[in-house]
Amino acid sequence: MNAALRGELESARIIFHLLLESLSDEELMRRSRNPAWTNKQMIFHMALGFFLLPSLSVLGLVFGRLPPAFSHTFARVLNGLTGPFNVVNAIGAYGGGLVFTRSALSKIFDSVYALSLKIASHIPPDAWTRGMYYPTDWDPLFTEYMTLEDVFRFPVRHFYAHVKQIAR
């Protein structure tokens with residue numbers, strides 16, 4: 001992993017913790033600027049991009065070694081499942097925000113972050129430019145084709161895209 005990418009990930013991790021700690025218990029339970037979720041549920045959703053990184057990176061490593069038609073077909077199938085994905089995404093944030101304490105969310109975030117860095121440390125330099133097709137209907141931050149480096153940048157971009165939805 002290059003130093004710039006490592007710095008982006010670390011900056012987002014620090015800001016995640018600062019944001020989580022800066023909100024009072026009352027503010028966490030306040031409705032966010034996304035009317036479907038509270039601030040705590042929004043923060044869980046923001047963390048979810050990081051929680052998916054280990055799985056997405058393994059998928060990228062596997063599909064990056066296969067002919068592009070495999071991941072292109074996979075992405076088309078996933079695009080066809082956008083409705084169920086949106087339901088799971090919404091329920092996941094709702095439930096995660098209700099179930100996890102501030103402390104548990106912080107610890108899980110750091111644990112998954114450390115796992116992601118461990119995975120990244122084992123990725124050969126030439127593999128960072130390999131990639132796969134992604135379901136662009138699932139998230140506007142997904143591009144049709146993403147390299148492993150793009151995949152590792154996704155949770156950072158996803159995090160910052162939602163920061164403005166936290167209500168103070």
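Phe16 and Phe109 have their aromatic ring centers within a separation under 6.0 angstrom. You'll find the ring centres of Phe63 and Phe70 outside the 6.0 Å limit. Aromatic ring centres of Phe154 and Phe142 lie closer together than 6.0 Å. Aromatic ring centres of Phe50 and His158 lie farther apart than the 6.0 Å criterion allows.
Remark: Glu8 CD to Asn2 CG distance equals 8.0 Å, nearest 0.5 Å. Arg168 contributes atom CZ, which lies 9.0 Å from atom OG of Ser24 (distance to the nearest 0.5 angstrom). For the atom pair CG (Leu56) and CG (Asp150), the distance works out to 12.0 Å, reported to the nearest 0.5 Å.
Closest non-hydrogen pair, His72 versus Glu144, comes out as NE2-OE2, 3.9 Å.
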- request: Under the side-chain contact (heavy atoms from CB on, under 4.5 Å) rule, what do Tyr160 and Ser11 come out as? Steps first, then yes or no, please.
  value: CA-CA 11 Å; Tyr160 289 123; Ser11 292; 4.3 Å; yes
Apply salt bridge (Lys or Arg N to Asp or Glu O under 4.0 Å) to residues Glu26 and Arg30 and explain how you reach the verdict. CA-CA 6 Å; Glu26 180 182 283; Arg30 185 178 297 155; 3.6 Å; yes
Inset, instruction - Just do the side-chain contact (heavy atoms from CB on, under 4.5 Å) check on Glu10 and Ile14 with the steps written out, would you? - result: CA-CA 6 Å; Glu10 182 60 15; Ile14 290 168; 3.7 Å; yes
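Judged by distance alone, the side chain of Ser71 and the main-chain N or O of Met132 form no donor-acceptor pair under 3.5 Å. Side chain of Asn39 to main chain of Glu27: a donor-acceptor pair is present (N/O by atom type, distance under 3.5 Å, no hydrogens or angles). The backbone N or O of Leu61 lies less than 3.5 Å from no partner atom in the side chain of Arg130, so there is not a single donor-acceptor pair. Judged purely by atom type and a 3.5 angstrom limit, Glu149 has no side-chain atom pairing as donor or acceptor with the backbone of Trp128.
Side-chain N/O atoms of Asp110 and His17 include a donor and acceptor closer than 3.5 Å.
For Phe159, there are no ring-ring contact (aromatic ring centres under 6.0 Å, His included) partners, not counting sequence neighbours.
With contacts defined as side-chain heavy-atom distances shorter than 4.5 Å, the pair Arg102/Asp25 qualifies. The closest side-chain heavy-atom distance from Ile43 to Leu23 is below 4.5 Å.
Relative ring orientation between Phe44 and Phe51 is described as perpendicular, the plane-to-plane angle rising above 60° on a 0-90° scale split at 30° and 60°.
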